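Fair warning: this is a prediction, and the values are worked out from it, not measured in the lab. Letters go in sequence order (proteins before strands), and every chain restarts at 1.
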Amino acid sequence: MYIPSLNVTLQTLNIILRMRYNFNDIEAKWQKYWSENQTFKAENLSDKPKFYVLDMFPYPSGAGLHVGHPLGYIASDIYARYKRHKGFNVLHPQGYDSFGLPAEQYAIQTGQHPAKTTKENIKTYRRQLDQIGFSFDWSREVRTSDPNYYKWTQWIFIQLFDSYYCKDANQARPISELVEVFGIEGNFRINAAADDDVEIFTAEAWKDYSDKQQHEVLAKYRLTFLSDTEVNWCPQLGTVLANDEIVNGVSERGGYPVVRKKMKQWSMRITAYAQRLLDGLETIDWPQPLKDSQTNWIGRSQGAMVSFNVNGHDEKIDVFTTRPDTIFGVSFMTLAPEHELVSKIVTDTQKEKINSYIEATAKRSERERMADVKTISGEFTGAYAKHPFNGKKIPIWIGDYVLASYGTGAVMAVPCGDQRDYDFAKHFDIEIPNIFQDIDISEHACEDKSAVIANSDFISGMTAKKAIKRIIFELEAKGIGSGKINYRLRDAVFSRQRYWGEPFPVYYKDGMPQMIDAKYLPIRLPEVEKYLPTEDGKPPLGNATNWAWCTETNQIVDNNRVNGTTIFPLELNTMPGWAGSSWYFNRYMDANNTEVIASKEALDYWQDVDLYIGGSEHATGHLLYSRFWQKFLFDKGVVPVDEYAKKLINQGMILGTSAFVYRWDFKNVDESGKAKKIIFVGKDLMEKIIKERSSIENSKGIFDSEHFDLLNSSLEKNNASKNKWSQFVPIHADVSLVNASNELDVEGFKNHPLNKDYKDAEFILENGKYIVGREVEKMSKSKYNVVNPDDICADYGADTLRLYEMFLGPLEQAKPWNTAGITGVHGFLKKLWKLYHSGENDTFYVDSSPLGKSDGALKTLHKTIKKVDEDIANFSFNTSVSSFMIAVNELTAQKCNKREILEPLAVLISPYAPHIAEELWNKLGNEESVSIAKFPIFEAKYLVESTKTYPISFNGKMRFIMELSLDLSKEEIEKEVMDNERTKQQLAGRTPKKVIVVPGKIVNIVG
RNA sequence: GCUCGGAUGGUGGAAUUGGUAGACACGUUGGACUUAAAAUCCAAUGGACAGUAAUGUCCGUGCGGGUUCAAGUCCCGCUCCGAGUACCA
């Protein structure tokens, strides 16, 4: 058959189609092959060295993936594939952080069970991930919402409950050890992380305690414990939020207001690990900014505790200070309004004022207090404290600049040494004694630690460093204080009033929490009618009818059977989102184990994550909590290392490039006030109009007559001022309607389901085109700038997507996505394909005959190997892609078709573009997957040069180049250059002052 | 306020230890092929000035100084943008 319009026979057309780079077929074929052959299944025992590459697992949201999500996965996949080529046994797993709020809110709205929507979302995610060709070992998939997984999250919770932190051993120890010691000698020698209010008791007292009392005492030591905590309560979400779930005083999710509220909550004693979390940072290769934010979050400050006696009371005020050396500069004290001593020490005359101040501050929301840092307020209690060294009377004030939640909620105010104290003193006209030698404090406080201290008894003449030591020594000698390290880090609230989270393995007996024996785990989430809190304000699990624990059958039973003797109510809270993600990296090592979280053999073999890639937004959440749990599990001997990720990389966010059309709102209305026509103008025209708007006559030239008449008549009708006749409203246009040249598909826009209002709008074209405006913003559905990887894969293929995401720029940097550039990398892949299809009618052909040593292709190949090796080591994937392009451009120019070059080239490129590499590798006659082929070895001998093109510069400015042998000595180079005709021309008879010759680099002639 | 990043053509971005600034792409312009479009291929492309031209000169990495034979890179002082954090005693 002959097709006249195509000028070819069907037979040749067939050949052409078959030999073309048909990425859709190739990619589907190899994805199927990898899946069927389990190409990327990692073995837990191997002679090869291990390498563990981990991604932060995704939350499977209903919206699916956009092109920003896979960025980190592509980078880690390249690394994982590269390591396989280099002979490592690579563990590269993936899973889902599948508990969470969005599924629950969707359930509240639609009544659909979160388990169902989560499952559906996971299916979409899996399809999207598969089509990008990741080398994940899916046999190890984890889902945090799977009972077989959260069984172990519950197990870890029980371990935490049964442990305390021994500061002497500097590790977590079984709570049973504590009980034993209490029974022998009480707690006076115990050095453990505990609540501040633990009282000292004897063994006799301990034995006399009731069960309940003992329980309460132990709770003060446990690593997870119930307590009345002031929490961030979000009424709209009906739940408690952690500090890192609040952004700018409102909830991160939804942006709802948050209030402080006291509630009985589970807490995690992460503060016990504060110092180790800090120290551990030194041992891991994580980005410095991330380490910095963890360091700041932990907020260690070294100082001293000092006790001040209150005159006329038995009470003492304890303060924490980082500058005990300034104690002789104390002229007042300030307590937080919430401080418990306030009501005890306030004098009758001041009582009224104090109470109204406390009331006023309590009313002010946290947000107001934050926004209003400048206003100074406070009130005098009427009471005085006694200075511990000179016995002076110190007035005691309250003020809301002192926070109840930090330190002791009280400060010793040294106005000459602290700006806040200074401002407070000035405002209330309190004395500001100067304790610094030759320092002027008439304008502001002196916070410089190098200032010499004066008027301070035995520390006068010292600087801070020395004075602090001396003061602490004196305080300890007098028994009124001691050196102390304080942390900003708070214990982490661990209860959430949500449905879609891990249930606690806890029931309540006489109001005291009891752990369910680990052998009955998992405690499965109960079914509920509604996912909302109950009418009496209980969490959603309060809706469950089958939610009680029978201690005889060890089963969950009907609530009605609760009898307080054998059957008890179960915990109604669930665990927070970070519970499941705090240990999942260990589970991947042995994901299907039913006996333990992972077998000892697997944990010992894989040890830790060699490379972890994910976003920096988890710096003070997941990445801190998971380090905490890892340290705990290490203390318990469950895992072999106490830092789980040796190296971490933060991938930058991919931003969207939004497109805008401009609605032209001039007084375009008829008599009834109805808009006659909606008109859109392009970006350039809008700018022109704005420039010319001073005079309508000027604009005559920039419109066709029809639009000018319309404009003119409507202006006349409305008597609009000619200076205000135009106004433009930018409207987001869907980016999929805009091409690479910023040209809008106008018909597409009008027919877009979201633009119903603009169906009959008119678009003023310029040169037949409508050009949109562009702006870079966060990628989001509401901005119509989301680009779906599915479309890219369909149109250009997964290999193109992978390469392009890497080509966009450095991995760690935020960068805008612009689909326009994708044709560049796609064209590159076509060129690569062509290189292997130099036969007749573009059929596959490689020349297997050996090539000469001096062949330029070898140089190209080895130059590229070297670059790719270096780039992967530096996580500089963008420059690898350029070097591939350079290589292919060079080899194409050389018309290279040699197997000796093309075979290693396919391996070289396979981590980046695995599908095309497999196909070419297969066509080259290899039976096995390219993914296990040996990576080409760089050989320096192919890059040895005999000459160098020297830039010859005069006074630092490059003027011309000269090709010179590399064998030449400095002197010989100088002679060659000076003898050169062009040098003489440049010098124009002058004698140079100096000639700098750097062999192999540059020649610079000065003078 | 504090801490940490960053600033290079029209755009995304290259540039080992200071040593030819703008690799590689996109976009734009011109050309080839085509009835046309797409695809493909070729050429030009930081700015200014001079020249018919080959070419040459000057200016150029946010701003102002400095070190150096030589600075995008090092030092000092700013400006702007982004992220985190915030009365932490």
*A/K830 near the nucleic acid: base, sugar-phosphate alone, or nothing, with a heavy-atom cut-off under 4.0 Å?*
sugar-phosphate
*Is there a side-chain contact between A/T408 and A/M305 (heavy atoms, below 4.5 Å)?*
yes
_Nucleotide forming a Watson-Crick or wobble pair with B/rG82, both distances under 3.5 Å_ = B/rC4
*asked:* Taking pairing as Watson-Crick or G-U wobble with both contacts under 3.5 Å, can you name the mate of B/rA37, or confirm there isn't one?
replied: none
_Residue matched to B/rA43 through Watson-Crick or wobble contacts both under 3.5 angstrom_ = B/rU29
*Can you tell me if the side-chain N/O atoms of A/K957 get under 4.0 Å from OP1 or OP2 in B/rC59?*
yes
*When the aromatic ring centroids of A/F424 and A/F332 are compared, is their separation below 6.0 Å?*
yes
*Evaluate the criterion salt bridge (Lys or Arg N to Asp or Glu O under 4.0 Å) for residue pair A/K866 and A/E870; output intermediate values, then yes/no.*
CA-CA 6 Å; A/K866 181 165 185 271; A/E870 287 168 359; 3.4 Å; yes
_Nearest to side-chain heavy atoms of A/V411, which nucleotide of B/rU20, B/rC24, B/rA89_ = B/rA89
*Measure from the side-chain heavy atoms of A/A820 and tell me the nearest of B/rU20, B/rA14, B/rC26.*
B/rC26
*To the nearest angstrom, how far is A/F828 atom CZ from B/rA39 atom P?*
20 Å
*So which heavy atom on A/Q419 is nearest to which on A/E447, and how close?*
N-OE2, 2.8 Å
_Value in whole Å for how far the P atom of B/rA25 lies from CG of A/N878_ = 14 Å
*Assign A/T949 to base, sugar-phosphate, or nothing according to its heavy-atom contacts below 4.0 angstrom with the strands shown.*
base
*Inter-nucleotide C1' distance (B/rC41, B/rC49), Å rounded*: 35 Å
*asked:* When both hydrogen-bonding distances must be under 3.5 Å and the geometry is Watson-Crick or G-U wobble, what is B/rU68 paired with, if anything?
replied: none
_On the nucleotide B/rG12, are OP1 or OP2 found under 4.0 Å from the side-chain N or O atoms that A/K815 carries?_
no
*Return the nucleotide paired to B/rC88: Watson-Crick means purine N1 to pyrimidine N3 with N6-O4 or O6-N4, wobble means G-U with N1-O2 and O6-N3, both under 3.5 Å.*
none
*For the side chain of A/I996, counting heavy atoms from C-beta on, which of B/rA89, B/rA23, B/rG19 is nearest?*
B/rG19
*Could you tell me which non-hydrogen atom of A/S301 sits nearest to which non-hydrogen atom of A/F320, and how far apart they are?*
O-CZ, 3.5 Å
*Roughly how many Å is it from NZ in A/K948 to P in B/rG19, rounded to a whole number?*
11 Å
*asked:* Quick check: on RNA chain B, is the nucleotide nearest A/K1001 upstream (toward 5') of the one nearest A/Y950, or the reverse? Name the residue that is more 5'.
replied: A/K1001
*Round to a whole Å and report the spacing from CD of A/E812 to P of B/rG12.*
19 Å
*Nucleotide nearest A/T620 (side chain, heavy atoms from C-beta), chosen from B/rG12, B/rC88, B/rU85*: B/rU85
*Which of these nucleotides, B/rU85, B/rG13, B/rC69, is closest to any side-chain atom of A/R488?*
B/rU85
_Using a 4.0 Å heavy-atom cut-off, does A/N486 contact any base of the nucleic acid, only the sugar-phosphate backbone, or nothing at all?_
nothing
*Interatomic distance where CZ belongs to A/F960 and C1' belongs to B/rU55 [whole Å]*: 15 Å
_When the P atoms of B/rG82 and B/rU8 are compared, how many Å lie between them, rounded to an integer?_
15 Å
_Syn or anti conformation of B/rG22, syn meaning chi within 90° of 0_ = anti
*Rounded to the nearest Å, what distance is computed from the CD atom of residue A/Q419 to the P atom of nucleotide B/rC2?*
13 Å
*Within the structure shown, what part of the strands sits under 4.0 Å from A/V998 by heavy-atom distance: base, sugar-phosphate, or nothing?*
base
*Would you mind telling me which of B/rC88, B/rC26, B/rA70 lies closest to the side-chain atoms of A/N1004?*
B/rA70
_Nearest non-hydrogen partners of A/L861 and A/L905, listed with the distance_ = CD1-N, 4.2 Å
_Partner nucleotide, any strand, of B/rA50 [Watson-Crick/G-U, under 3.5 Å]_ = B/rU55
*Output field: ring centroids A/H826/A/Y804 closer than 6.0 Å*: no
_Taking only the C1' atom of each, what is the distance from B/rG9 to B/rG64 in whole angstrom?_
24 Å
*Could you tell me the separation between the CD1 atom of A/I298 and the P atom of B/rC88, rounded to a whole number of Å?*
19 Å
*Partner nucleotide of B/rG77 by Watson-Crick or wobble geometry (both distances under 3.5 Å)*: B/rC63
*What's the CZ-C1' distance between A/R420 and B/rG1, to the nearest Å?*
12 Å
*If you measure from the C1' atom in B/rG77 to the same atom in B/rC24, how many Å do you get, rounded?*
37 Å
*Touch check for A/R959, heavy atoms < 4.0 angstrom, all strands: base, sugar-phosphate only, or nothing?*
sugar-phosphate
*Pick base, sugar-phosphate or nothing for A/E447, based on heavy-atom distances below 4.0 Å to the nucleic acid.*
nothing
*Side chain of A/V402: nearest nucleotide among B/rU40, B/rA89, B/rC4?*
B/rA89
_Please classify the nucleic acid contact of A/E617 as base, sugar-phosphate, or nothing, using heavy-atom distances under 4.0 Å._
nothing
*asked:* Parallel, tilted or perpendicular, judged at 30° and 60°: which one describes the rings of A/Y912 and A/F884?
replied: perpendicular
*Inter-nucleotide P distance (B/rU3, B/rA86), Å rounded*: 16 Å
*Using the closest heavy atom to pick a nucleotide of RNA chain B for each, name whichever of A/M958 or A/P816 lands nearer the 5' end.*
A/P816
*asked:* Going by purine N1 to pyrimidine N3 plus the second Watson-Crick contact, or the G-U wobble pair, all under 3.5 Å, which nucleotide sits opposite B/rA21?
replied: none
